Amino acid sequence: MQFARLNGVVIHHQVIGAAPEKPTVVFANSLGTDYRIWRDVIVRMVGDYSIIAYDKRGHGLSESGGTEITMDDHIDDLIALIEHYQAKNVILCGLSVGGMIAQGLAAKRPDLVRALILCDTGHKIGTAEMWDARISAINEMGIAGLSDAILERWFTKEYRSADNAEFTGYRLMLERTPVEGYVGTCAAIRDTDFTDTSSKLVMPAICVVGTEDGSTPPALVGELARLIPGAMYQEIPGAAHLPCIEKPIELSETIKAFIERLSTN
Ligand SMILES: O=C(O)CC1=CCC(=O)O1
């Protein structure tokens with residue numbers, strides 16, 4: 001386990017190095033998850049890429065830094081982590097709110113970023129009313145009170161079988177997320193609209209989405225791909241909101257092919 005105090009908050013992360021000439025890929029996780037969601041993708045990339053994965057503040061083993069969390073807090077934490085390791089030309093791979101953090105970082109510090117892999121995300125996710133309702137419900141009932149509905153959007157019906165130990169494991173990951181980190185990040189998403197800044201990004205990007213995603217459906221991710229100049233768009237059949245868990249082979253092949261294309265262009 002690796003920890004660093006960044007912007008006054010202890011951030012849990014993992015670095016898996018590779019030869020210096022290999023590209024660095026940085027993974028950012030979604031709401032209610034931690035960096036372990038990337039495991040089955042990362043194991044297919046070790047050796048060919050330097051890898052940094054982290055738990056954003058208020059998730060996993062990272063501190064929350066208080067009850068109020070803004071998108072700028074999340075972006076500044078990731079900037080600090082990248083600078084902590086003096087990583088250059090990173091390829092940011094973010095899922096859902098992790099993809100928003102990646103878009104915000106790319107707009108704020110384009111000098112750090114070589115390319116973007118945006119999974120199951122949008123320039124704006126949901127409405128203020130929806131996030132306010134979710135915050136109230138979680139404050140009242142805890143995350144477990146909403147977890148069935150959330151998990152229905154995260155995973156396909158086939159994956160959500162009572163016999164599937166992994167499904168139970170991800171339920172535990174969601175339900176054990178600290179409430180202040182979860183609710184604080186809901187507010188950060190509610191208050192974020194990257195329509196303008198993402199339309200001005202000047203770097204290679206690919207937007208990827210599970211065809212059955214119930215949180216950030218293909219229509220939203222397609223809109224993001226049309227917004228970012230020159231962005232590619234790819235659907236992953238048989239996955240919902242978390243292709244890194246349900247379809248890690250397909251997602252890692254997509255990521256590797258995209259990075260390969262960067263070196264030939
Ligand atoms: O939990 C959800 O509804 C899905 C989601 C939205 C933003 C995020 O990071 O996950």
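What you see is a predicted model, and the numbers here were worked out from it, not measured in a lab. Counting starts at 1 for both ligands and their atoms, in listed order. Values below: all heavy atoms of this structure, side chains included; hydrogens, waters and symmetry mates excluded.
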Which label fits Phe27 and Trp38: parallel for a plane angle under 30°, tilted from 30 to 60°, or perpendicular past 60°? tilted
Would you say the side-chain atoms of Arg160 pair up with the backbone N or O of Phe155, donor to acceptor, closer than 3.5 Å? yes
Look only at the side chain of Lys56 and the backbone of Asn29, and say whether a donor-acceptor pair between them is shorter than 3.5 Å. yes
Taking only non-hydrogen atoms of Val97 and a 4.0 Å limit, the atoms of ligand 1 in range are 8 (C), 9 (O)
Salt-bridge contact Lys200-Asp196 (side-chain N to carboxylate O under 4.0 Å): yes
Heavy-atom proximity to atom 6 (C) of ligand 1, picking from Ser30, Gly99, Gly94, Ser96, points to Ser96
Atom indices of ligand 1 within 4.0 angstrom of Leu31 heavy atoms, with elements: 8 (C), 9 (O), 10 (O)
For Ile189, atoms of ligand 1 separated by under 4.0 Å from a heavy atom: 7 (C)
Within the 4.0 Å heavy-atom shell around Arg153, which atoms of ligand 1 are there? 3 (O)
His241 neighbourhood, listing ligand 1 atoms whose heavy-atom distance to it stays under 4.0 Å: 4 (C), 5 (C), 10 (O)
Minimum non-hydrogen distance to atom 1 (O) of ligand 1, winning option of Met100, Met130, Lys56, Arg134: Arg134
Decide whether Thr216 and Asp213 meet the rule of one side-chain donor and one side-chain acceptor closer than 3.5 Å. yes
Any idea which atoms of ligand 1 are less than 4.0 Å away from a heavy-atom of Ser215? 2 (C), 3 (O), 4 (C)
Looking at Trp154, which atoms of ligand 1 are within less than 4.0 Å of one of its heavy atoms? 1 (O), 2 (C), 4 (C)
Would you say the ring centroid of Tyr54 lies under 6.0 angstrom from that of His84? no
Tell me yes or no: between the side chains of Asp73 and Thr70, is some donor less than 3.5 Å from an acceptor? yes
Just jot down the ligand 1 atoms closer than 4.0 angstrom to any heavy atom of Ile150, in number order. 1 (O)
